[in-house]
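Accompanying notes for the structure given below.
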Amino acid sequence: MTNEAAACRACGSPMTPFMRFGRMPVANAFVTEDQFAREYFYELAAALCAPCGMFQIVDHPDPAQMFHDSYAFFTRTSKGMVAHFRTYAEWVAERFLKKPDAFVVEVGCNDGALIENFATGGLRHLGIEPSANVAAVANRHGVRTRVAFFDPETARAVRASDGPADAIVAANVICHIPNIRGVAEGVATLLAPHGVFAFEEPYLGAMIAKASYDQIYDEHVFIFSARAVAAVFAPFGLELIDTVPQATHGGSMRYVLGRKGAHSVSPSVARTLAEEGRQGLHLAATYDEFRRRCERNRDELVGLIRDLRRQGQRVVGYAATSKSTTVLNYCGLGPHDIEFISDTTPLKQGKFTPGSHIPVRSPEAFADPYPGFAVLFGWNHETEILGKEKAFAAAGGRWIKFVPEVRLS
Ligand code: TMP
Ligand code: ZN
């Protein structure tokens, strides 16, 4: 496949990438040493579709390479996200699931951290999840699941077996699905006449403001804006009725859609669209400036880490996030720069980071003994992490942060 010209996945218009990150492995494909030689790589480049405003990566790996029965990402590893999902579920249930026998469907339920809140409340529910191993964890938490990708066919099957959905919810997953028009058609198929589709995802406005380029990786085929979401769902008779900014994942947006004319539209939609215009999210110049900031950020991060290493300092990484795969590979950082990355996910421990081959160790290794410096790859979980790692700072350890700019703290 080539990056030179590509068709927008949302509207079909031709688009040209404004930024290239080079060869990238699959962000969550942590490897063992014997797999180094046959790692899968693709070219990561980002583009904005001028006519519809959809921000997207140009080339992407086959989803079957990413969401399979050894998918390494479990939502429950973050206490902050578990708490956030409880609040999100309450928000949806309160507004949209009051009627008797209401039915809620989650697209991409992962280990059930969001939908279990509906399940324990006794609501009729179904979690749709393509990765069998994470779906099995959801089952153990009392969640009814169907192992499948969400597309029009799955939507028809669910509607036939369970009836129309009063709410379809999703979190950090709609942007993973390359066939976004298939999602829109599936939603239009499954939704009850007054039903809603609520989903939240990393927000383009936040990514541009913070130059947090690490949001760009294989799973994030899209980084959504309100303008692009409204445009891609409209041909399927769905209308954006609410936008609610969220602090999660370094700045997200919750979008709510319903059938056109079935709901009143919150004033927040016009406010968000106007703000996107003020921020220049539709302008090519905005993305040229974004690229320059990313390049500067990369050079400063590499410079700082290599200076510290020359001084004989130990530098480790904290949290082997999906996002860190973009940072490590774009910056060309390896095990000589970063000794290891501490991570709480047992499936990642003992393996190596994709492409950059830095060992992943348990949080116990982080303290044994503490290094001088730790790169905060899980910057979106900063409050949670700094809260529990006070002993690192007390031992004289310093955090290396790189969003929105490189600095020590
Ligand atoms: P995410 O930023 O893509 O949600 O990835 C979270 C990763 O960070 C996951 O592998 C678990 C890891 N992590 C830690 O190792 N320690 C922590 O305190 C938190 C919050 C996450
Ligand atoms: Zn487009």
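Counting starts at 1 for both ligands and their atoms, in listed order. Numbering of residues begins at 1 and proceeds along the displayed sequence.
The structure places CG of Asn28 at 5.5 Å from CZ of Phe30, a figure rounded to the nearest 0.5 Å. To the nearest 0.5 Å, atom CD1 of residue Ile385 and atom OG of residue Ser78 are 8.0 Å apart. Note that the CZ atom of Phe402 and the SG atom of Cys294 stand 11.5 Å from one another [nearest 0.5 Å].
Among all non-hydrogen protein atoms, the one lying nearest atom 12 (C) of ligand 1 is Asp343 OD2, 3.1 Å. Counting protein heavy atoms only, atom 3 (O) of ligand 1 is closest to Ser322 OG, 3.7 Å. For atom 18 (O) of ligand 1, the closest heavy atom belonging to the protein is Lys388 NZ, 2.5 Å. Atom 15 (O) of ligand 1 has its closest protein heavy atom at Thr344 N, 3.0 Å.
Taking the six-membered ring for Trp and thresholds of 30 and 60 degrees, Phe199 and Phe197 have nearly parallel ring planes, at less than 30 degrees apart. The aromatic rings of Tyr287 and Phe55 are tilted relative to each other, their planes meeting at an angle between 30° and 60°. Taking the six-membered ring for Trp and thresholds of 30 and 60 degrees, Tyr318 and Trp399 have ring planes more than 60 degrees apart, a perpendicular arrangement. Between Phe392 and Tyr370, the angle of the ring planes lies from 30° to 60°, which puts this pair in the tilted group. Using a 30° and 60° split on the angle between ring planes, His220 and Tyr217 fall in the tilted class, from 30° to 60°.
Between the Glu384 side chain and the Lys79 main chain, a donor and an acceptor come within less than 3.5 Å of each other.
At a 3.5 angstrom cut-off on N or O pairs, Lys323 counts as close to ligand 1. In terms of N/O distances under 3.5 Å, ligand 1 is not approached by Ser78. Of the N or O atoms in His381, one or more lie within a sub-3.5 Å distance of an N or O in ligand 1. For a threshold of 3.5 Å applied to N or O pairs, the pair formed by Thr321 and ligand 1 contains no separation below that value.
Here the angle at the Zn ion (ligand 2) defined by SG in Cys49 and SG in Cys8 stands at 110°, rounded to 10 degrees.
Ligand 1 lies out of reach of Met81, whose nearest heavy atom is not under 4.0 Å from it. In this structure, Gly378 has no heavy atom closer than 4.0 Å to ligand 1.
Which parts of ligand 1 touch Thr345 is read off a 4.0 Å heavy-atom cut-off, strictly below it: atoms 9 (C), 10 (O), 11 (C). The ligand atoms of ligand 1 that sit less than 4.0 angstrom from a heavy atom of Glu384 are 20 (C). Distances below 4.0 Å separate heavy atoms of Asn380 from the following atoms of ligand 1: 2 (O). Less than 4.0 angstrom separates some heavy atom of His249 from each of these atoms of ligand 1: 4 (O). Residue Ala319 approaches ligand 1 through these ligand atoms, each under 4.0 Å from one of its heavy atoms: 8 (O), 12 (C), 13 (N), 14 (C), 15 (O). Less than 4.0 angstrom separates some heavy atom of Lys348 from each of these atoms of ligand 1: 9 (C), 10 (O). Counting the atoms of ligand 1 from 1 in the order shown, those under 4.0 Å from a heavy atom of Ile385 are 17 (C), 18 (O).
Checked against a 6.0 Å centroid threshold, the rings of Phe352 and Phe36 count as neighbours.
A cation-pi arrangement, defined by a distance under 6.0 Å to the six-membered ring centre and an angle within 45 degrees of its axis, is present between Arg298 and Tyr330.
Using a 4.0 Å cut-off between heavy atoms, Lys79 makes no contact with ligand 1 at all.
Pairing each heavy atom of Arg146 with each of Ala157, the nearest pair is NH1-CB, 3.9 Å.
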